[in-house]
Amino acid sequence: MSRKELIRAYGDRQNDGMVQMSFVLPVAPSARSREAAKIFALEHGLTDPLVATMEACAEGYTFFVVYGGSKHAVDLAAIEVPEVTTRTLSRDEIELIIKNDIKRKVVVVGACTGADAHTVGIDAILNYKGYGGDKGLESYKGFEAFNMGAQVENEQLAARARAVGADAILVSQVITQRDCHKENGKALVELINSQGWRDEVLLLFGGPRIDHKLALDLGFDAGFGPGTKPSDVASFVVEQVRVKTK
Ligand code: B12
C-alpha cells in the first residue's frame with residue numbers, strides 16, 4: 001500500500017487546519033446577524049468560528065468572512081489528475097523550434113463556438129495584445145493565427161481550419177449553462193472524426209471552467225483553464241507539432 005501524504009489547511013502554523021469561508025446572508029448587519037453567521041459556519045463543521053468581516057453589501061444583505069478550524073485532511077498521494085506537462089518556453093525558444101525543427105509556419109485557428117459570445121479569452125491567447133504582459137500567438141514570427149471570433153458554428157470552424165491547413169484548433173467555451181460547453185466541444189471532435197482528419201490536427205479546449213481532464217474526456221488533446229498565458233499555449237503547440245514533424 002502506498003504511503004499517505006496527508007495535508008491540512010495552513011492558517012497561522014503548519015497543520016493547524018485554519019480556513020476562512022465567505023458568504024452573503026439576506027440580513028442587515030447586527031449582533032444577531034453576526035451570531036447567525038457564526039452558527040452557519042459551525043453547521044458547516046468549522047470549529048471556534050470567528051467572524052472577521054461583517055459588511056453590508058446591499059440593503060438587507062451582509063457579506064461575511066468567518067475564520068475557523070477545519071478537521072479535514074487530504075491525501076495527496078491518492079490523487080491522480082492529468083495535467084499539461086509541457087514546460088512553458090521563452091519566446092526565443094519557441095521561435096527557434098519553429099525555425100530549426102518545424103521549418104514552416106505553425107497555423108492555428110481559434111474561435112468561441114456555439115451561442116457563446118465571450119471573445120476575451122480567445123482574444124487573449126491569439127491576438128497581438130495577449131494577456132498579463134504575454135503577447136498573443138499572432139505576435140510570433142513563426143505562427144500564423146486566425147481568430148474567427150465568437151458564436152462560430154463547429155462546421156464553420158472545421159471548414160476554415162481545414163482550408164488553411166491548421167496544425168491546431170483552439171476552442172474557447174465560457175458559458176457552461178446546462179453543460180452546453182461539453183456538448184459543443186464533443187460535437188466538434190465528432191465532426192472532425194467523422195470527416196476523417198482528426199490525426200492531422202491538435203484540438204485545444206479552453207475557458208474559465210475547463211481543465212485538462214475534462215478536455216481529454218471530450219476527445220481534445222489538451223485543456224487550458226483560468227490564467228492561461230499565450231506562451232503556455234504556444235509551447236504546447238510547438239512541442240506537439242515538432243513531435244509530429246519528426
Ligand atoms: C465580459 C463578460 C461578458 C461580455 C462578453 C464580451 C466579450 N466580447 O467577450 C458580455 C456582456 C457580452 C457577456 C454576456 C453574457 N454573459 Co458574461 N461575463 C463576462 C465576464 C464579466 C468576464 C469574462 C471575461 O472576459 N474574462 C476574462 C478572460 C481573459 O478570461 P477567460 O475567458 O477565462 O480566458 C482565459 C482562460 O480561461 C483561457 N482561455 C479561454 N478560452 C480559451 C481557449 C483556448 C483554446 C485556450 C488554450 C485558453 C483559453 O485563457 C484566457 C486567458 O488566461 C464574466 C464573469 C467573470 N468575471 O469572469 C461573465 C460570465 C462569463 N458571463 C456569464 C453569463 C451568464 C452571460 C450571459 C448569458 C448573460 C445574459 N443573461 O445575457 C451573456 C451570454 C452572451 C452569450 N451569448 O454568450 C456568466 C457565465 C456563467 C456560466 N458559467 O455559464 C459569467 C461567469 C458571469 C456570472 N457570474 O454569471 N458577458
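In what follows, every heavy atom counts, from backbone to side chain, and hydrogens, waters and symmetry copies are set aside.
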Residue set satisfying salt bridge (Lys or Arg N to Asp or Glu O under 4.0 Å) with K213, at least two apart, ordered chain then number -> D217
Closest non-hydrogen contact found for P230 with A124 is CG-O, 3.2 Å
Please determine, by modelled atom types, if N184 and N154 share a side-chain donor-acceptor pair under 3.5 angstrom. no
**Request:** For the pair H212 (side chain) and G223 (backbone), establish whether a donor and an acceptor sit closer than 3.5 Å, ignoring hydrogens and angles.
**Result:** yes
* To do: Check whether any side-chain heavy atom of V65 lies under 4.5 Å from a side-chain heavy atom of V51, and answer yes or no.
  => no
Quick one: side chains of residues 197-204, donor-acceptor pairs under 3.5 Å with protein atoms, not counting sequence neighbours, listed by atom name and distance.
residue: W197; atom: NE1; partner: Q195; partner atom: OE1; Å: 2.7
residue: R198; atom: NH1; partner: V201; partner atom: O; Å: 2.9
residue: R198; atom: NH1; partner: D221; partner atom: OD2; Å: 3.3
residue: R198; atom: NH2; partner: G219; partner atom: O; Å: 3.0
residue: R198; atom: NH2; partner: D221; partner atom: OD1; Å: 3.2
residue: R198; atom: NH2; partner: D221; partner atom: OD2; Å: 3.0

Heavy-atom closest pair (M148 atom, L157 atom, distance to 0.1 Å) is SD-CD1, 3.9 Å
When every non-hydrogen atom of V237 is compared with those of V108, the smallest separation belongs to CG1-CG1, 4.4 Å
Worksheet entry | Any M21 side-chain heavy atom under 4.5 Å of H44 side chain | yes
So ring-ring contact (aromatic ring centres under 6.0 Å, His included) across residues 6-34, not counting sequence neighbours, yields F23-F40, F23-F64
When clusters are formed by joining ILVMFWY residues with side-chain heavy atoms under 4.5 Å apart, either directly or through shared neighbours, do V84 and F220 land in the same one? no
When I210, V171, I175 are each screened for side chain to side chain contact (heavy atoms under 4.5 Å, CB included) with H181, the one that passes is I210
Applied to residues 93-110, the salt bridge (charged side-chain N to carboxylate O under 4.0 Å, His left out) test, sequence neighbours excluded, yields R87-E93, D101-R242, R104-D167
message: What I'd like to find out is whether the side chain of R160 reaches to under 4.5 Å of the side chain of Q156, using heavy atoms alone.
response: no
Contacts satisfying salt bridge (charged side-chain N to carboxylate O under 4.0 Å, His left out) that involve residues 169-185 (not counting sequence neighbours) are D179-K182
Self-check item: Backbone of V107 reached by a side-chain donor or acceptor of E144 within 3.5 Å
Solution: no
* If you measure only the distance, is there a donor-acceptor pair under 3.5 Å linking the side chains of T113 and Q173? -> yes
Here the pair of heavy atoms bringing A77 nearest to R3 is CB-O, 3.3 Å
Just checking D48: does its CG atom have more than 12 heavy atoms from other residues, nucleotides or ligands closer to it than 6.0 angstrom?
no
Smallest heavy-atom separation, I102 atom then V106 atom, equals CD1-CG2, 4.0 Å
Q: Spell out, yes or no, whether L89 and F143 are grouped together once hydrophobic residues are joined by side-chain heavy atoms under 4.5 Å, including indirect joins.
A: yes
>> Under 4.5 Å between side-chain heavy atoms, counting indirect links through other Ile/Leu/Val/Met/Phe/Trp/Tyr residues: same cluster for I192 and F146 or not?
In response: yes
*F236, I97: one ILVMFWY side-chain cluster at the under-4.5 Å cut-off?*
yes
*Side-chain heavy atoms of V66 within contact of Q20, under 4.5 Å*: no
In short, salt bridge (charged side-chain N to carboxylate O under 4.0 Å, His left out) pairs touching residues 114-143 with sequence neighbours left out are none
| task | Report yes if the side chains of P208 and H118 come closer than 4.5 Å at any heavy-atom pair, otherwise no. | result | no
Nearest heavy-atom approach of A145 to L126 is CB-CD2, 4.2 Å
Give a yes or no on whether the backbone of V27 and the side-chain of S33 come within a donor-acceptor separation of less than 3.5 Å. no
- Query: Is there side-chain contact between L191 and E155, with heavy atoms separated by less than 4.5 Å?
  - Reply: yes
Practice task
Kindly work out whether a path of hydrophobic side-chain contacts (I/L/V/M/F/W/Y, heavy atoms less than 4.5 Å apart) joins L188 to V109.
Solution key: yes
- Query: Could you go step by step and tell me if Y61 and L25 meet the side-chain contact (heavy atoms from CB on, under 4.5 Å) rule?
  - Reply: CA-CA 6 Å; Y61 292 86; L25 292 180; over 6 Å; no
